[in-house]
Amino acid sequence: MSFTAPKGTYDILPPESSAFLAVRDALSRPAALAGYEYIETPIFEDTALFARGVGESTDVVSKEMYTFQDKGGRSLTLRPEGTAGVIRAVIEHKLYAGQLPVKLWYAGPNFRYERPQAGRYRHFTQVGAEAVGVDDPMLDAEIIALAWEGYRALGLGGFRLLLTSLGDDTCRPAYRALLQAFLRDLDIDDDTRRRADINPLRVLDDKRPAVLAQLDGAPLMVEHLCGPCAVHYDDVRARLADIGVQWEEAPRLVRGLDYYMRTTFEFVHSGLGAQSAIGGGGRYDGLSAAIGGPALTGIGWALGVDRTLLAMRAEGVGLPTAARVQVYGVPLGAAAAERLFGLTAGLRAAGVSADMAYGARGLKGAMKAADRSGAAYAIVLGDRDIRAGTAQLKDLRSGDQLALPLDSLVATILEKLT
RNA sequence: GUGGGUGUAGCUCAGCUGGUUAGAGCACCGGGUUGUGAUCCCGGGUGUCGCGGGUUCAAGUCCCGUCACUCACCCCA
């Protein structure tokens, strides 16, 4: 074998690929039902968009970006996440000039240069949703509920919703100083000390026991929220409670992108190996201004399709696998094959999924193929039938077979299938 | 970027202390039936034992290197 998929990427093959489509669909459907409209943005963007939007200090920007120069000398980057590009598009096309909020959903691949492991790939797929331009805690609750509903619709039961508030520009700087003062006295390594300088909140998320043990008395953001932030957070929780969404307070929840503020959340699941998040998001009221747009508030999430599938597999939740086709043609000989070719085309035109045996297989082989296609009916056609102006329609479940006039076969099958 | 584990058929794997034609189950293909699948019977191995070198009379097996995959740290979807 001379080529393999690049490190950290993988092929999504049938029959599992149908589950992939189904998950992507199920995760986006609740958003569509809530009036979110589909948007598609480029898979690569100006490198500076991510540097400024996601934040220079994040791991994503500082070491995980797929950056390249095109032939015009521009520095471009394969998107490591979806929100920055969507907000760029909202600004560029002044979508905010219309009715607000702008509600959008999207789905597609993202890229991060990381060491692959279970649940973590260099190419991964997310479904995302964003509500932009209206600062209303009800939108926070709505967006969270949409993700919740998506997971539930898939039959997933073992996920948890972690929730917290990261404060805003009014209260976070003071809290940040407080936390830094606390961290200064700890016995931690140089790397962690450096992180405490750049982004002290991230230290709270450290999973190493040696660090964890020292974080017990650390000050928490939720205890230092300013008035408006506290009210906002209370409102979000009240609305979630109203509609029966259950969450856990996660005061140390920190996410990897700098733009988050106020409401922040993560959906976690234990079936992903060392990874835990199957989806996450939050409010990013400063993002638009940071990338040169007007001061637009926004909240959104991104849900990992690959990770959701892993979680489903871990739980043993299956998806109904649909039959490949409804009708399968089994020809005996070249003349019959040509006749069936037209018949299957006619069936498809009438909205019936149909396939047939190609390549002059024997009758046995063709019947076998019909069986494996999952079709409800096989059309068996030979010279004898053609002479009689009929075809044999075989019900593959019962085994019953009857001769039907060729002329009206498509119509007859349509009738039987409905 | 740092560690650990694993590489034998399409898949899951067996192959003991080196021993001569490399195996099983599943899958796949063909036949039993030139007009009938899912069952049954018969037949078929589809392979660069990851790759390169070394030790040996002899290497899938031992040694070195290398590559790939994988798991974990870190980080997150």
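Predicted model, so just to flag it, every value in this text is computed and none were measured. Chain letters run A, B, ... following the sequence lines, proteins first, then strands; residues in each count from 1. These numbers come from the heavy atoms of this one structure, side chains and all, not from hydrogens, waters or symmetry mates.
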N-O pairing of D25(A) and R29(A) below 4.0 Å: yes

Rounded distance in Å - NZ (K364(A)) to P (rC41(B)): 12 Å

Donor on one side chain, acceptor on other, T164(A) and T264(A), under 3.5 Å: no

Distance-only side-chain donor-acceptor flag, D140(A) / H232(A), under 3.5 Å: yes

Nucleotide of rA77(B), rU36(B), rG35(B) approaching K394(A) most closely (side-chain heavy atoms): rU36(B)

Candidate list L100(A), D135(A), V132(A), test side-chain contact (heavy atoms from CB on, under 4.5 Å), partner T297(A), passing option: D135(A)

Closest nucleotide among rC73(B), rG35(B), rA77(B) to the A274(A) side chain: rC73(B)

Touch class at under 4.0 angstrom, heavy-atom based, for A118(A) against every strand present: sugar-phosphate

E114(A), nearest nucleotide to its side chain (from rC75(B), rC71(B), rG35(B)): rC75(B)

Qualifying residue, where the test is side chain to side chain donor-acceptor pair (under 3.5 Å) with Y106(A) and the options are E130(A), E37(A), E40(A): E130(A)

Candidate nucleotides rC75(B), rG37(B), rG35(B), ranked by approach to the side chain of L332(A) - the nearest: rG35(B)

Touch class at under 4.0 angstrom, heavy-atom based, for R115(A) against every strand present: base

Single hit among F124(A), Y66(A), Y121(A) for side-chain contact (heavy atoms from CB on, under 4.5 Å) with N110(A): F124(A)

Selection from rA77(B), rG35(B), rC28(B) that lies nearest to any side-chain heavy atom of R372(A): rC28(B)

Any K7(A) side-chain nitrogen or oxygen under 4.0 Å from OP1 or OP2 of rC69(B): yes

Pair partner, rC69(B) [Watson-Crick or wobble, under 3.5 Å]: rG5(B)

Candidates rA77(B), rC75(B), rC74(B) - which lies nearest the side chain of E64(A): rC75(B)

Touch class at under 4.0 angstrom, heavy-atom based, for T58(A) against every strand present: nothing

Length of the NZ-C1' vector between K368(A) and rC40(B), whole Å: 12 Å

Touch class at under 4.0 angstrom, heavy-atom based, for G362(A) against every strand present: nothing

Separation of rC75(B) P from R307(A) CZ (nearest whole Å): 14 Å

Atom-to-atom span, CG of L363(A) to P of rU34(B) - whole angstrom: 9 Å

Minimum-distance nucleotide to D371(A) side chain [options: rC69(B), rC76(B), rA38(B)]: rA38(B)

Phosphate contact (rG37(B) OP1 or OP2) by R397(A) side-chain N/O below 4.0 Å: no

Sugar-phosphate only, base, or nothing, as touched by F267(A) at under 4.0 Å among non-hydrogen atoms: nothing

side-chain N/O R202(A) vs rC76(B) OP1/OP2, d < 4.0 Å: yes

Gap in Å between the two P atoms, one belonging to rC49(B) and one to rG60(B), rounded: 8 Å

Atom-pair distance (CZ on F111(A); P on rA77(B)), nearest Å: 16 Å

Per S276(A) side chain, nearest of listed nucleotides rC74(B), rG35(B), rC76(B): rC76(B)

Distance, C1' atom - from rU21(B) to rC13(B), rounded to whole angstrom: 22 Å

Sugar-phosphate only, base, or nothing, as touched by N110(A) at under 4.0 Å among non-hydrogen atoms: nothing

side-chain N/O Q117(A) vs rC73(B) OP1/OP2, d < 4.0 Å: yes

